[in-house]
Undergrad: 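Before I ask anything, let me first share the structure, which is written out below as structure tokens.
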Amino acid sequence: ESVMALGGIVSAAAVTGVPAPASARVFLDPAMYGDQELRVSAVDSLREAVRRSLLQNPKLVPYFLELALLDGLSYNTATSEGGPDGSIIKAVMSSK
């Protein structure tokens with residue numbers, strides 16, 4: 001009887017061509033496997049590099065402030081996208 005049921009499922013899937021939706025869920029723990037430590041380390045390293053650059057060349061401060069403001073003000077309320085997420089850096093880098 002179970003073989004018949006299995007055969008019925010296979011033939012129904014073959015006829016419709018559409019697989020049944022999966023009900024699996026994936027939970028990602030950012031603190032697992034050291035990912036969080038790597039991310040924090042990368043952000044801290046970048047923060048320190050920017051700080052050193054600004055201390056060495058204070059003329060860059062207005063440009064970094066403008067980038068930060070543009071990034072923060074890029075939030076779109078209709079789509080809930082944008083905002084202070086660093087995406088402005090990607091846009092600037094891709095425009096070169």
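All residue numbers refer to positions in the sequence shown, counting from 1. Keep in mind that this is a model prediction, so the values were computed, not measured.
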Undergrad: According to a hydrophobic-cluster definition based on side-chain heavy atoms being under 4.5 Å apart (Ile, Leu, Val, Met, Phe, Trp, Tyr only), do Leu70 and Tyr75 belong together?
TA: no
Undergrad: Please tell me whether Leu46 and Leu67 are part of a single hydrophobic cluster in this structure, the criterion being side-chain heavy atoms less than 4.5 Å apart.
TA: no
Undergrad: If I compare all heavy atoms of Ala78 with all of Asn76, which pair ends up nearest, and what's the gap?
TA: N-OD1, 2.9 Å
Undergrad: Are Val61 and Phe64 connected in a single hydrophobic cluster, I mean Ile/Leu/Val/Met/Phe/Trp/Tyr linked by side-chain heavy atoms less than 4.5 Å apart?
TA: yes
Undergrad: For the residue pair Ser74 and Gly83, what are the closest heavy atoms and their distance?
TA: OG-N, 3.2 Å
Undergrad: For the side chain of Ser45 and the backbone of Ser41, is there at least one donor-acceptor N/O pair under 3.5 Å apart?
TA: no
